[in-house]
Amino acid sequence: MTSQPTISKASKDPGATGDPGNGLQAGLKNRHLSMIAIGGVIGAGLFVGSSSGIATAGPGILLSYALVGTLVVLVMRMLGEMSAANPTSGSFSAHADRALGRWAGFSIGWLYWFFWVVVLAVEATAGAVILEGWVPSVPQWAWALIVMVVLTATNLVSVGSYGEFEFWFAGIKVVAIAAFIVIGGLAVFGLLPGVDSEQAGLGNLTEHGGFLPNGPGAILTGVLLVVFSFMGSEIATLAAGESENPQRAVTKATNSIIWRVAVFYLGSIFVVVTLLPWDSKSIADEGSYVAALDSLGIAHAGQIMNFIVLTSVLSCLNSGLYTASRMAFSLGQRGDAPKAFAKTTGRGVPLVAIVASVVFGFVAVFFNYKFPDSVFLFLVNSSGAVALFVWLVICFSQLRMRKIIQAEAPEKLVVRMWLYPYLTWATAALIVFVLGYMLTDTEHDGRKTVLLSLLVAAIVLTIAFVKEKVKRGRTTV
């Protein structure tokens, strides 16, 4: 039986030394945290994957993004409540450990780590494709290696160097998408000269088969296609443990999630589906954002978007390596991973955790080039539903942690989940519904993704329970 979880006493005064009671340092400045929080919701998937969602749901894809965005806002509110009360580099894994038991923290922590090391391979390959197009004399595998080595070195120097790189990577994404929304918005409302006013306009929302040309069910299919592009919004709560004022950083990131999702996702997709008819051939051929830029008469739209996507890829790689290593560090600190993972350098860098994460990332990159349609495809599909598993665990952790915080340190509830516990239960039910709906989806590999992810989750859970049983057996001897 697990002991009653308690709020860490050390977390009552986070101070300016980073995550309480460990070797991490407060190397992230407020501007780093602000940009990490803003940029965390803008993944390369938004730029690359939105065209398939538009083709599936038409203008109704806005409802798909709104539905997933609402889900993310609610989950982040719950995570913000727990992380503001007890900031830690383990974030939701550490909260699950305290609220639900060691098995939960162990399982979701390792699943999340697995997700990000696979993402490292996916993003490194995506970046290598773009770079090879610019400099074909360097083979694609070499570009992937170069990108991984450079960003590994960045993370190994100090958390401040990670924060600085991410500040600029995220800054480019934010400026680019903000400019796109402003310029595209002017064109939609006829305020930008030189744009075909007959093609652009609000009429595109209803004039090509209606707002839901493929029926209401396409909204849910759209949800399946866009849900994974939101993964990364939780990174700010992990990074907050290495900031000067963790509680303030978490609170700020949590409170700003609504406008971040509304502006960057709904705002930019709204511009795309109003600039062009949803069934425009250019969206399918060129991609939604490239097609939109072309319609504005912007020269070299494809190369501009390639640069923005590359920046997003590098940002995702940078944050992915940081996130995977901090989760490994937290697991090591709690005895759920080798103790070496919890050791830090004089600069507060978890060297072994970073190296271990990047080694598995390199292995995944190798599989991508050597066995793309077998081993690597399995890795991608088996980690695909982890985002939803993480969100579900956050819901159940918050249900219990609220009671614990109220009983032990009510003054630490500086962020509160709305309409607790009803909205928490409703959010959990919606996540379960999405997972269930994915099981009916064979066209977009939704069923395969859920089943393989459940298989990996079952393996990790089995290891967790066996580990706990062995530990209890040793203590009773």
With the side chain counted from C-beta on, respond yes when [X] and [Y] share a heavy-atom pair under 4.5 Å apart, and no when they do not.
| X | Y | answer |
| --- | --- | --- |
| Y420 | L399 | yes |
| I459 | I463 | yes |
| F371 | F366 | yes |
| V159 | L24 | no |
| M148 | V358 | yes |
| F378 | L452 | yes |
| W116 | M327 | no |
| Y112 | I108 | no |

Handout entry: Within residues 311-339 or reaching into it, pairs that qualify as salt bridge (Lys or Arg N to Asp or Glu O under 4.0 Å) - sequence neighbours excluded
Key = D97-R334, R102-D336, E242-R326, D336-K467
Exercise for the section: Sequence neighbours left out, what pairs pass salt bridge (Lys or Arg N to Asp or Glu O under 4.0 Å) with at least one residue falling in residues 63-88? Expected result: E81-R402
Between [X] and [Y], is there a donor-acceptor pair closer than 3.5 Å when you use the side chain of the first and the backbone of the second?
| X | Y | answer |
| --- | --- | --- |
| S64 | I219 | yes |
| R400 | A99 | yes |
| S229 | V226 | yes |
| N86 | M82 | no |
| S382 | S453 | no |

Exercise for the section: Mark yes when over 12 heavy atoms from residues, nucleotides or ligands other than F114 sit less than 6.0 Å from its CZ; otherwise mark no. Expected result: yes
Handout entry: Over 12 non-hydrogen atoms of neighbours within 6.0 angstrom of CH2 in W168
Key = no
Taking all heavy atoms of [X] and all of [Y], pick out the closest pair and write down the distance.
| X | Y | value |
| --- | --- | --- |
| T449 | A385 | CG2-N, 3.7 Å |
| A324 | V117 | CB-CG1, 4.3 Å |
| K173 | S312 | CD-OG, 3.1 Å |
| A428 | L392 | O-CD1, 3.7 Å |
| A249 | L33 | CB-CG, 4.0 Å |
| A253 | A236 | CB-CB, 3.9 Å |

Report the distance from atom [atom1] of [X] to atom [atom2] of [Y], rounding to the nearest 0.5 Å.
| X | Y | atom1 | atom2 | answer |
| --- | --- | --- | --- | --- |
| T221 | D441 | OG1 | CG | 6.5 Å |
| F165 | T154 | CZ | OG1 | 3.5 Å |
| L79 | L238 | CG | CG | 8.0 Å |
| M76 | S233 | CE | OG | 5.5 Å |
| L224 | R447 | CG | CZ | 12.5 Å |
| I36 | I235 | CD1 | CD1 | 8.5 Å |

Practice task
Kindly indicate, with the supporting measurements, whether the criterion side-chain contact (heavy atoms from CB on, under 4.5 Å) is fulfilled by I354 and F329.
Solution key: CA-CA 9 Å; I354 291 175; F329 169 86; over 6 Å; no
Problem - Pairing residues for R31 by the salt bridge (charged side-chain N to carboxylate O under 4.0 Å, His left out) criterion, not counting sequence neighbours - result: E164
Hey, can you tell me if [X] and [Y] have their rings parallel, tilted or perpendicular (30° and 60° cut-offs)?
| X | Y | answer |
| --- | --- | --- |
| F465 | W103 | parallel |
| Y65 | Y265 | tilted |
| W113 | W110 | perpendicular |

Handout entry: Partners meeting side chain to side chain donor-acceptor pair (under 3.5 Å) with S325 (sequence neighbours left out)
Key = none
Problem - For W425, side chain to side chain donor-acceptor pair (under 3.5 Å) partners two or more places apart - result: none
Problem - Evaluation steps, side-chain contact (heavy atoms from CB on, under 4.5 Å), between F92 and S83 - result: CA-CA 8 Å; F92 50 83; S83 295; over 6 Å; no
Only distances under 3.5 Å count here; give the side-chain donor-acceptor pairs of residues 47-58 to other protein atoms, sequence neighbours excluded, each with its distance to 0.1 Å.
unit_1	atom_1	unit_2	atom_2	d
S50	OG	L46	O	3.0
S50	OG	S288	OG	2.6
S52	OG	G49	O	2.9
T56	OG1	S52	O	2.9

Problem - Test log, rule side-chain contact (heavy atoms from CB on, under 4.5 Å), inputs V227 and L388 - result: CA-CA 9 Å; V227 65; L388 292 168; 4.0 Å; yes
Problem - Side-chain donor-acceptor contact under 3.5 Å, S268 with Y289 - result: yes
Practice task
Take L317 and L120, measure what side-chain contact (heavy atoms from CB on, under 4.5 Å) needs, and give me the verdict at the end.
Solution key: CA-CA 6 Å; L317 264 172; L120 290 180; 3.6 Å; yes
